[in-house]
There are 2 protein chains.
Amino acid sequence: MPELKSRQVSQLPPLQAIRVFEAVARHLSFTKAAGELGMTQAAASYQIKLLEERVGAPLFLRRPRQIVLTEAGQRMAPAVSEAFALLGGAYAAARSGADGVLCVSTLLTFASNWLARHLGSFQVAHPSLAVRLDTSNRVVDFTREDIDIAIRSGGGNWPGVEVHKLFNADFTPMLSPKLAASIGGVKEPADLLRLPILDPGDIWWRDWFIAAGLPVEELAKRPGSSMGAQAYEANAAIAGQGVAIVTAALFNAELADGRLIQPFDLVGDDGHAYWLVYPQARRNVPKIRAFREWILAEIAGQ
Amino acid sequence: MPELKSRQVSQLPPLQAIRVFEAVARHLSFTKAAGELGMTQAAASYQIKLLEERVGAPLFLRRPRQIVLTEAGQRMAPAVSEAFALLGGAYAAARSGADGVLCVSTLLTFASNWLARHLGSFQVAHPSLAVRLDTSNRVVDFTREDIDIAIRSGGGNWPGVEVHKLFNADFTPMLSPKLAASIGGVKEPADLLRLPILDPGDIWWRDWFIAAGLPVEELAKRPGSSMGAQAYEANAAIAGQGVAIVTAALFNAELADGRLIQPFDLVGDDGHAYWLVYPQARRNVPKIRAFREWILAEIAGQ
DNA sequence: TTCAGGCATAAGCCCTCCTTATGGGCCGTG
DNA sequence: CACGGCCCATAAGGAGGGCTTATGCCTGAA
């Protein structure tokens with residue numbers, strides 16, 4: 001498409017030359033402008049000559065100790081400076097503006113039970129960073145959605161992304177102290193069989209029952225409804241509606257204040273974990289680095 | 001000066017990438033944008049990737065059949081488009097604006113006696129071209145003054161410039177018919193000795209006297225004052241104050257309407273001529289070509 | 001299921017643009 | 001008046017940015 005090309009070329013000036021022109025017009029000196037641009041005087045001279053040929057008129061008059069703008073140069077200079085100011089502003093805004101909002105895609109339960117309690121310290125440490133949470137169970141594709149960083153649960157082997165393990169997604173039964181008291185306390189795994197089980201179809205229950213030496217057939221008999229997120233199950237458990245099987249690490253607060261109790265030390269582990277995930281290519285982006293360092297320190301100090 | 005360079009680089013985006021970004025943001029398509037810019041889709045992809053790395057954030061989200069701007073991209077796009085519009089406008093204005101004014105450096109006498117009478121037809125032929133006359137006897141340096149084209153008198157061998165001979169700068173005595181009548185008419189060269197001679201120190205008088213067989217010592221005796229331009233001498237001659245030696249071609253009008261007479265066919269010629277002169281590099285600039293073609297035709301048809 | 005449209009990626013090459021080196025013009029100074 | 005310094009122009013040479021071609025992948029439509 002040569003005609004398109006030539007059309008375009010004639011519409012827009014050679015940009016590198018224009019950049020040099022802008023600097024030269026400001027300094028009224030090839031040498032100084034070249035210095036500012038980090039190149040040699042010869043390069044500036046070359047670019048200006050190029051531009052003058054394209055424009056079809058001299059842009060500077062070469063006087064003994066200095067140069068001055070020609071009429072054509074004077075017409076161009078202000079608009080060019082303004083355009084570069086715009087460009088520079090937009091670029092800077094995109095750079096820092098992009099740094100100003102951190103989009104975190106996170107699992108619902110992690111958001112409500114962990115992030116909600118810890119995010120405050122991140123905000124304090126990085127007051128200029130606004131965090132936008134995007135809660136969903138989808139595995140986000142960084143190339144397709146406007147997400148900076150994600151919390152995922154799984155095996156940890158995803159291609160093209162950098163991962164950091166936060167904690168294991170082990171699981172154990174939990175219930176409210178009131179419910180436990182209603183049968184005189186839960187002392188051994190078999191006691192659970194006398195209580196309602198929340199989401200008995202969950203594979204975790206099966207795994208844990210096997211590990212605890214309980215008959216898995218019990219589970220199949222029970223009416224089940226999955227609520228889709230640990231947080232919901234846990235709320236039901238707190239309300240005394242049954243026993244939930246959840247990741248202990250996410251319910252430290254509930255355990256601490258007695259809303260939930262963990263009757264057994266036995267935890268199941270299917271090899272899954274919670275991971276911090278982000279595109280490898282962006283590992284050095286300031287806001288991503290900041291979040292990574294913060295969350296890893298927070299997890300470690302917990 | 002590495003620190004200056006890095007400073008600059010971080011202030012301004014890579015311009016070629018920005019140009020591509022602008023087109024892609026308009027089309028929301030790498031392929032179409034590449035087409036507009038006269039390059040391949042791969043090149044556009046490359047540039048966008050480059051820019052995204054510089055900005056530190058994705059600018060487009062890659063969706064199956066199309067792409068969309070990210071938040072960062074949306075922030076950048078309008079300002080970038082505006083900046084390019086400015087740049088394009090300034091560039092176009094400089095290109096055509098430079099074509100709108102033609103600066104002619106000319107000798108005083110040529111301006112008042114030739115250009116003044118002919119320039120009208122050029123204006124009619126090129127109504128969009130404004131002519132600015134710069135009258136002086138200096139030999140202008142095109143690299144030092146804002147001049148497009150010049151009329152010079154001389155030998156015609158100047159380096160770096162394109163020259164076209166307009167007419168020979170031959171010279172011959174002229175006087176007013178009244179002054180001639182005051183001595184009963186000027187029939188032979190020697191009659192001139194009975195009249196005042198304007199600027200007798202002029203080398204032209206000497207040359208012409210020799211050619212006419214008159215004693216040059218006569219000239220030395222006379223009180224002289226040079227007025228610095230043929231036009232002034234001619235005006236003095238028209239006023240009947242004496243005989244002037246001038247270039248006949250410049251006074252066709254005065255000869256035609258009888259304000260001056262040329263008593264002898266004998267003309268002196270020192271090899272000088274009137275030349276049209278302009279920088280070689282600009283020979284194809286439209287306004288220069290237009291003026292060249294017009295003046296050569298005008299001279300030829302005279 | 002296959003096809004077509006669109007983007008990503010790899011390899012390779014060309015040409016732009018920059019550097020170094022040098023020269024010229026003009027000014028200020030001793 | 002000559003010399004040195006400042007600044008720009010120009011030539012030659014080299015490095016790397018950026019383009020092209022070729023290919024693969026993904027997805028939505030037929």
Side-chain angles (χ1 to χ4, degrees), chain A residues 1-2 4-5 8-9 13-21 23-25 27-54 58-70 73 141-144 159-160 279-281, chain B residues 1-2 4-5 8-9 13-21 23-25 27-54 58-70 73 139 141-145 159-160 279-281:
Chain A
M1 50 203 65
L4 272 179
K5 177 160 191 171
Q8 186 57 228
V9 162
L15 294 178
Q16 189 56 22
I18 286 279
R19 161 186 266 167
V20 175
F21 168 77
V24 174
H27 291 289
L28 286 180
S29 156
F30 285 33
T31 308
K32 291 204 190 77
E36 172 181 312
L37 296 174
M39 58 193 201
T40 59
Q41 167 269 323
S45 176
Y46 167 83
Q47 291 289 0
I48 294 300
K49 182 172 197 179
L50 205 85
L51 185 58
E52 287 177 327
E53 275 165 15
R54 283 292 189 85
L59 297 169
F60 297 96
L61 298 176
R62 279 70 166 176
R63 296 278 172 70
R65 304 290 282 188
Q66 100 224 19
I67 55 179
V68 298
L69 284 160
T70 63
D141 179 343
F142 292 109
T143 70
R144 228 170 269 192
Q280 271 168 357
Chain B
M1 46 204 71
L4 273 179
K5 178 161 192 171
Q8 187 57 228
V9 163
L15 293 179
Q16 188 57 20
I18 286 280
R19 160 187 268 168
V20 175
F21 169 77
V24 174
H27 290 288
L28 288 179
S29 156
F30 286 33
T31 308
K32 291 205 189 76
E36 172 180 313
L37 296 175
M39 59 194 196
T40 61
Q41 168 269 323
S45 175
Y46 168 84
Q47 292 289 359
I48 294 300
K49 182 172 195 178
L50 204 87
L51 184 58
E52 286 177 327
E53 274 165 16
R54 283 292 190 85
L59 297 169
F60 297 97
L61 299 176
R62 278 69 166 177
R63 296 279 173 71
R65 306 289 282 189
Q66 99 221 15
I67 55 179
V68 298
L69 284 161
T70 64
V139 170
D141 179 342
F142 292 108
T143 70
R144 225 169 274 192
E145 304 185 42
Q280 272 166 357

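Computed from a predicted model, the values in this text were never measured in an experiment. Residue numbers begin at 1 in each chain, while the letters A, B, ... track the order of the sequences.
Picking from C/dG6, D/dC8, C/dC17 the nucleotide with the shortest atom distance to the side chain of A/Thr31 gives D/dC8. Comparing C/dT16, D/dT20, D/dG18 by their nearest atom to the side chain of B/Ala43 picks out D/dT20. For A/Ala42, the listed nucleotide lying nearest its side chain is C/dA21; candidates were D/dG18, C/dA21, D/dC8.
Between B/His27 atom NE2 and C/dC7 atom P there is a gap of 12 Å when expressed in whole angstrom units. At whole-Å resolution of the value, CZ in A/Phe60 and C1' in D/dC8 are 13 Å apart. Regarding A/Met39, its CE atom lies at a distance of 14 Å from the C1' atom of D/dC8, rounded to whole Å. Atom-to-atom, OH of A/Tyr46 to C1' of D/dG13 comes out at 13 Å; the value is rounded to the nearest Å. For the pair B/Ile48 CD1 and C/dT9 P, the interatomic distance rounds to 14 Å; values are reported in whole Å. Taking atom CZ of residue A/Arg19 and atom C1' of nucleotide C/dC18, one finds them 14 Å apart after rounding to whole Å. Atoms CD1 (B/Ile67) and C1' (C/dG5) sit 14 Å apart, rounded to a whole Å. The CG atom of A/Leu15 sits 14 Å away from the C1' atom of D/dG18 (whole-angstrom rounding).
Looking at every heavy atom in both residues, A/Thr40 comes nearest to A/Ala34 through O-CB, 3.3 Å. When all heavy atoms of A/Ala44 and A/Phe30 are compared, the pair lying nearest together is CB-O, 4.0 Å. Between A/Gln41 and A/Thr31 the shortest heavy-atom distance is CG-OG1, 3.9 Å.
Regarding contacts with the backbone of D/dC8, every side-chain N or O of A/Ser45 stays at 4.0 angstrom or more from both OP1 and OP2. Between A/Gln66 and C/dC26 there is no side-chain polar atom (N or O) within less than 4.0 angstrom of OP1 or OP2. For the pair A/Ser29 and D/dC7, the criterion of a side-chain N or O lying under 4.0 Å from OP1 or OP2 is not met. Between B/Gln41 and D/dT21, a side-chain N or O to OP1/OP2 separation shorter than 4.0 Å is absent. Between A/Arg62 and D/dA9 there is a side-chain N or O to OP1 or OP2 distance below 4.0 Å. At C/dT9, one or more side-chain N or O atoms of B/Lys49 fall inside 4.0 Å of OP1 or OP2 (strictly under the cut-off). Phosphate proximity of D/dT20 to B/Thr40: present, with a side-chain N or O under 4.0 Å from OP1 or OP2.
Residue-level contact check: B/Phe30 touches the backbone only, with heavy atoms under 4.0 Å from sugar-phosphate atoms and none from bases.
Side chain of B/Glu52 to backbone of B/Leu59: a donor-acceptor contact under 3.5 angstrom is found.
Residues B/Phe60 and B/Leu69 meet the side-chain proximity criterion, which asks for heavy atoms closer than 4.5 Å.
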